[in-house]
Amino acid sequence: MSAKKLIVCGGNGFLGTRICKYAVGRGWDVTSLSRSGEPKWDAVTATPAAPSWARKVTWERADILRPASYAPFLVKADFVVHSMGILLEADYKGVLRGQESPVAGLRRAFASSTPRPGNPLERGVRHGDADIRPPETREQLTYENMNRDSAVMLAKEAARENVAAFAYVSAAGGAPVLPARYITTKREAEAIVAREFPAMRGVFVRSPFLFDSSRPITMGMAAMTGLGAAFNGLTRGVLGGLMGAAGVKPLKVDVVAEALVEALGDPAVKGPVEVPQIEELANRAWRKNML
């Protein structure tokens, strides 16, 4: 039996690298697609050196907003993963360079005047179009462009290649400090993919806050989120809607990565995958590895 072929869009990120790691561990043929290719390892792990498993991944460059750049990699793929998205609509490169403040990103995200074009299927975006973004937001990274439209177009291209399963890294909820559109665009992506491509098994991993010791800042944030989750449990979820992901148990990033790979390999897993099922899938995968 030939090895399963997996394409991970966003495979050089915090979660994406670990998805690649666990897929390689199963003997799958893994290709990561991102704008920069192989990750800068000290940005996603505790060391600048590439781990040994990374040699078994093909690190390719592609732009998730330009289907023509990634479509050739989907040929004969068994599984495709969308592990990309944004928390804020700030120009993050501008923030790093001091050209835009994080406050400007928040203002833009909450602004009622920002254009909200329809999804790419409604707009008739085609395979050969240079960029899936509409003219109104062509120069921006919006929730619609990144969280919804990039996933919908990737799913469309995957379905065109008869991919068996498409995994979308969604979210367990929003957050009090984020616009509602952060989570609504993710839920819209889930619904569109499930509705428009029924022959392709859609797996929507509703990830909570992720942490790992390689990113110390996430440890403190996870502790605070854990307290929020405990409070939400004690109050029987009375404030769950308001707290969003801040009231959901945080998980180690490896747990979500291993669960996603396990879900792809199990034809029975389909639709939204909430935190309890994520933990169940990860535990099942761990038990398999122990045998």
Discussion item. Can you confirm whether more than 12 heavy atoms, excluding those of Lys56, are under 6.0 Å from its NZ atom?
Written reply: no
Worksheet item: Does the pair Lys249/Glu279 count as a salt bridge with the N-to-O cut at 4.0 Å?
Response: yes
Worksheet item: Do Arg206 and Glu190 sit within salt-bridge range, that is, some charged N less than 4.0 Å from a carboxylate O?
Response: yes
Worksheet entry | Side-chain touch Leu6/Val81, heavy atoms, less than 4.5 angstrom | yes
Worksheet item: Just by distance, do the side chain of Arg160 and the backbone of Ala155 share a donor-acceptor pair under 3.5 Å?
Response: no
Worksheet item: Does Met146 reach the side chain of Leu65, with side-chain heavy atoms less than 4.5 Å apart?
Response: yes
Worksheet item: Would a distance-only check, ignoring hydrogens and angles, find a side-chain to backbone donor-acceptor pair under 3.5 Å from Glu122 to Asn119?
Response: yes
Worksheet item: Taking the side chain as C-beta and beyond, is there a heavy-atom pair between Met153 and Ile64 under 4.5 Å?
Response: no
Item to complete: Decide yes or no for Val253 and Phe14: does some side-chain heavy atom of the first lie under 4.5 Å from some side-chain heavy atom of the second?
Response: yes
Item to complete: Run through Val203, Val152, Asn147, Leu260 and flag the one making a side chain to side chain contact (heavy atoms under 4.5 Å, CB included) with Tyr168.
Response: Asn147
Worksheet entry | Asp29/Lys5 salt bridge by N-O under 4.0 Å criterion | no
Discussion item. Could you check whether any side-chain N or O of Trp59 sits under 3.5 Å from a backbone N or O of Ala54, counting only pairs where one atom can act as donor and the other as acceptor?
Written reply: yes
Worksheet item: Which pair of heavy atoms, one from Lys186 and one from Ser170, lies closest together, and at what distance?
Response: CB-OG, 3.7 Å
Item to complete: Count the heavy atoms belonging to other residues, nucleotides or ligands that lie under 6.0 Å from CZ of Arg284, then report whether that count exceeds 12.
Response: yes
Fill in: Arg181/Glu144 salt bridge by N-O under 4.0 Å criterion
yes
Discussion item. Show the nearest heavy-atom pair for residues Asp149 and Arg123, with the distance to one decimal.
Written reply: OD2-NH2, 3.1 Å
Worksheet item: Within the distance-only criterion (no hydrogens, no angle test), does the side chain of Arg201 pair as donor or acceptor with the backbone N or O of Ala268 below 3.5 angstrom?
Response: no
Worksheet item: Between Arg26 and Glu262, is there a salt bridge with N-O shorter than 4.0 Å?
Response: yes
Discussion item. Assess, by modelled atom type and distance only, whether the side chains of Asn12 and Ser36 contain a donor and an acceptor separated by less than 3.5 Å.
Written reply: yes
Practice prompt. Decide yes or no for Leu15 and Val169: does some side-chain heavy atom of the first lie under 4.5 Å from some side-chain heavy atom of the second?
Written response: yes
